[in-house]
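This report concerns only the one structure given below.
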Amino acid sequence: MKIQFHNTLAGCIEPFEPIDPPNVYMYNCGPTVYDFAHVGNFRSFMIADVLRRTLELLGFHVHQVMNLTDVGHMTDDQLADGGGEDKMVAAAKRLKQAKKQGVAPVDNPDDPYQVAQYYIDAFIEDARLLGLKVSNEYPQNMPRATQYIDGMQEMIKKLLAAKHAYIASDGAVYYSVESFSQYGQLSGNTIDRLRSGAGGRITDEHQVVKRHPADFLLWKPDATHIMKWDSPWGAGYPNWHLECSVMATTLLGQDVIDIHMGGEDNIFPHHECEIAQTCGATGKELFSRFWIHARHLFINGEKMSKSKGTFYTVRDLAAKGISPVAVRMELVKAPYRMNANLTQQGLVDSARTVQRLRDFSTDLDRRCDGAVASVDLTHPALEAFGSALADDLNIAAAMASLFAWIQQDHSDAAESLAVLRQMDRVLGVLDLGLADNQEAGGDLEIAETCAAIDQARAQKEFEVADNLRQQLVDAGYEVHTSKGGTTARKKLA
RNA sequence: GGCCGCGUGCCCGAGUGGACUAAGGGAGCGGAUUGCAAAUCCGUUGGCUAACGCCAAUCGUCGGUUCGAAUCCGACCGCGGCCUCCA
């Protein structure tokens, strides 16, 4: 089976072959934990999840690491970020406000570690609701930046020793982009282009101490900062790019990894700087063989926006009656190299797809009495499904093959169930949050209403039955009447 | 201004030169089923025809290459990302 992915580093689709098969070492940039993660953030994490699951289906042993960025202030260029306020300070203010209103998420909002932990807990909860596999490996494969300060300092020392870094007159340590000839190879922002670039956000004041305007901060001495650590360069904090270089190489145990992922906005400067740092420290040609980037998510055709209130979190959507599994399906089925668009219609569509797969699964399960057969990738349906995904995660073609297969003969229910479960290793929707979606939802009141509907129908009191049914529908239930009686289950969206 | 991605039918999207029909899903319409619904199943969704058929048109726009273009090339239009906050 031909496995290929779009590699930002090469600018095209390339055959994928891990360095150390069957192991695959992949790292993806995780969330900053000074606020709740929104669905847009989760899109890129979901792409990483789908890629990981695809590789697992194809027989690889995937080692995935996703970081949690818990250092609020990550760069020297305060002027460029949200008015120069530290992210953790902003989060503390928000939480204090909440405390005044009687909600006390953390004991001490001024403690950035408590703030971070609060948002980490929320993130893990949301990630598990969405079925991100790596979230079940928390904390071992989901490291916090603040736990790797020593490693970051070690990397800075290596970079200083290798003359890739220098200490400027302001006492800060900078990376010298001119010392790294490959700088710009990922993003196309080579040094000469950056020089002529018109970003205009770096003020002269910041440039004065640097050897080159594009040099970026590695360590900032700042004794007044909310989060600071001792270092040979004074008490201060590391840059934002350093954590990924250090945690990826440390936790994956490799100088060169197979896949590095993130959102498209990470390409520059973040990933470009990661490459410069890691290769500068390891002396290797490459940091990651593949760089895979997910495009952004829109809401109703528009960019997500705070002022329009479209920074939806998983919990926001759940409050609107949209189950996490519907969100998962919606994020999974959108091609990762195009901007995706989250809409009500799309979510309902996705919810129906999930429901259809679950009903199919339930039917197979009943017919084979839960005795699942054993199948591998040589099975024609799985071959089609797997090879579609192996072709740069062509999820649309994979889903088409899945639906085509569903139309076929399933007299061997045990085998079909096995095939479906293999497919669901990637989709991850059959069992996700299933308890909330079962017949009657485990809710006694709902079951009683269903029984009342049946009773009314038996006595031909159709108006009574219809009213009861409408009550259930209004409450977000899907009501199903058959010869066996009436059942209801919570709609997924 | 520089670098880069994208534009397919009502919606989401597959499809990188050739089989008469542009995959698949959703939505719509018709039918089966139902007390009525929902769910499910079958059919269908350019126009005309009761029908056999007939006539078109189409992949952002305009050109080009080719026997042949959604697919390759050029220009333009539109949307988006990055150019030191960002998934």
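A, B, ... follow the sequence lines: proteins, then strands. Residue 1 opens every chain. A quick note: this is a predicted structure, and the numbers were derived from the prediction, not measured.
Phe42(A) comes within 4.0 angstrom of nothing in the nucleic acid, heavy atoms only. Base contact: His38(A) has a heavy atom under 4.0 Å from a base atom. No contact: Pro31(A) has no heavy atom under 4.0 Å from any strand. Ser350(A) comes within contact range of no nucleotide atom at all, as no heavy-atom separation falls under 4.0 Å. Residue contacts for Met304(A): at a heavy-atom cut-off of 4.0 Å it reaches a base atom on one of the strands shown. Residue contacts for Gly262(A): at a heavy-atom cut-off of 4.0 Å it reaches the sugar-phosphate backbone alone, with no base atom in range. Using a 4.0 Å heavy-atom cutoff across all strands shown, Phe462(A) reaches at least one base atom of the nucleic acid. Contact annotation for Lys333(A): no contact, since no heavy-atom pair falls under 4.0 Å across all strands.
Atom pair His293(A):NE2 and rC86(B):P shows a separation of 13 Å (rounding to whole Å applied). Following rounding to the nearest Å, Asn339(A) (CG) and rC6(B) (P) show an atom-to-atom distance of 11 Å. For the pair His480(A) NE2 and rC41(B) P, the computed distance is 11 Å after rounding to whole Å. If you measure from atom CG of Leu186(A) to atom P of rU84(B), you get 16 Å, rounded to the nearest angstrom. Atom pair Leu297(A):CG and rC6(B):P shows a separation of 18 Å (rounding to whole Å applied). Nucleotide rC82(B) holds its P atom 21 Å from the CD atom of Gln185(A), rounded to whole Å. Atom CZ of Arg356(A) and atom C1' of rA39(B) are 12 Å apart (whole Å). The distance from atom CD1 of Ile406(A) to atom P of rU40(B) is 12 Å, rounded to the nearest whole Å.
Using a cut-off of 4.0 Å between Lys/Arg side-chain N and Asp/Glu carboxylate O, Asp70(A) and Arg144(A) are scored as salt-bridged. At a threshold of 4.0 Å, the pair Glu478(A)-Lys491(A) does not count as salt-bridged, since none of the basic side-chain nitrogens sits closer than that to a carboxylate oxygen. The pair Lys210(A)-Glu178(A) fails the salt-bridge criterion, with no side-chain N (NZ, NE, NH1 or NH2) lying under 4.0 Å from an Asp/Glu carboxylate O.
Listed candidates were rG80(B), rU84(B), rA87(B). Nearest to the side chain of Phe45(A) is rA87(B). Among rG26(B), rA14(B), rG81(B), the nucleotide with an atom closest to any side-chain atom of Pro335(A) is rA14(B). The side chain of Arg352(A) lies closest to rA39(B) when the candidates are rA39(B), rC83(B), rG80(B). Checked against rC86(B), rG13(B), rC42(B), the side chain of Gln407(A) finds its nearest nucleotide in rC42(B). Which of rA37(B), rG13(B), rG80(B) sits closest to the side chain of Ala396(A) comes down to rG13(B). Of the candidates rG80(B), rA87(B), rU84(B), the closest approach to any side-chain atom of Phe216(A) belongs to rU84(B).
Along RNA chain B, the nucleotide nearest Gly188(A) and the nucleotide nearest Glu264(A) are compared for position; the residue whose nucleotide lies closer to the 5' end is Gly188(A). When the nearest nucleotides of RNA chain B are assigned to Val348(A) and Arg43(A) by heavy-atom distance, the more 5′-ward of the two goes with Val348(A).
Contact of Arg457(A) with rG35(B) (side chain to base): a donor-acceptor pair of N or O atoms is detected under 3.5 Å. Applying the 3.5 Å distance criterion, the base of rG35(B) shares a donor-acceptor pair with the side chain of Asp466(A). One donor-acceptor pair, N or O on each side, does fall under 3.5 Å between the base of rC36(B) and the side chain of Arg469(A).
For the atom pair CZ of Phe180(A) and SG of Cys273(A), the computed distance is 10.5 Å after rounding to the nearest 0.5 Å.
Cation-pi check for Arg211(A) over Tyr166(A) is met; the charged atom lies under 6.0 angstrom from the ring centroid and within 45 degrees of its normal.
Checking each of Arg337(A), His271(A), Glu264(A) against His293(A) for a side-chain hydrogen bond (donor to acceptor under 3.5 Å, both in side chains) leaves exactly one that passes, namely His271(A).
Residues Tyr34(A) and Tyr119(A) keep their aromatic ring centres 6.0 Å or farther apart. For His225(A) and Tyr237(A), the distance between ring centers is under 6.0 angstrom.
Looking at RNA chain B, the stems built from 3 or more consecutive Watson-Crick or G-U wobble pairs, each pair with its key distances under 3.5 Å, are B:1-7 with B:77-83, B:10-12 with B:24-26, B:27-32 with B:40-45, B:46-48 with B:53-55, B:60-64 with B:72-76.
OP1 and OP2 of rC79(B) both lie 4.0 Å or more from every side-chain N or O belonging to Lys303(A).
In this structure, His296(A) counts as stacked on the base of rA87(B) under the 5.5 Å centre distance and 30° plane angle limits.
When every heavy atom of Glu274(A) is checked against every heavy atom of Trp291(A), the shortest pair comes out as OE1-CH2, 4.3 Å.
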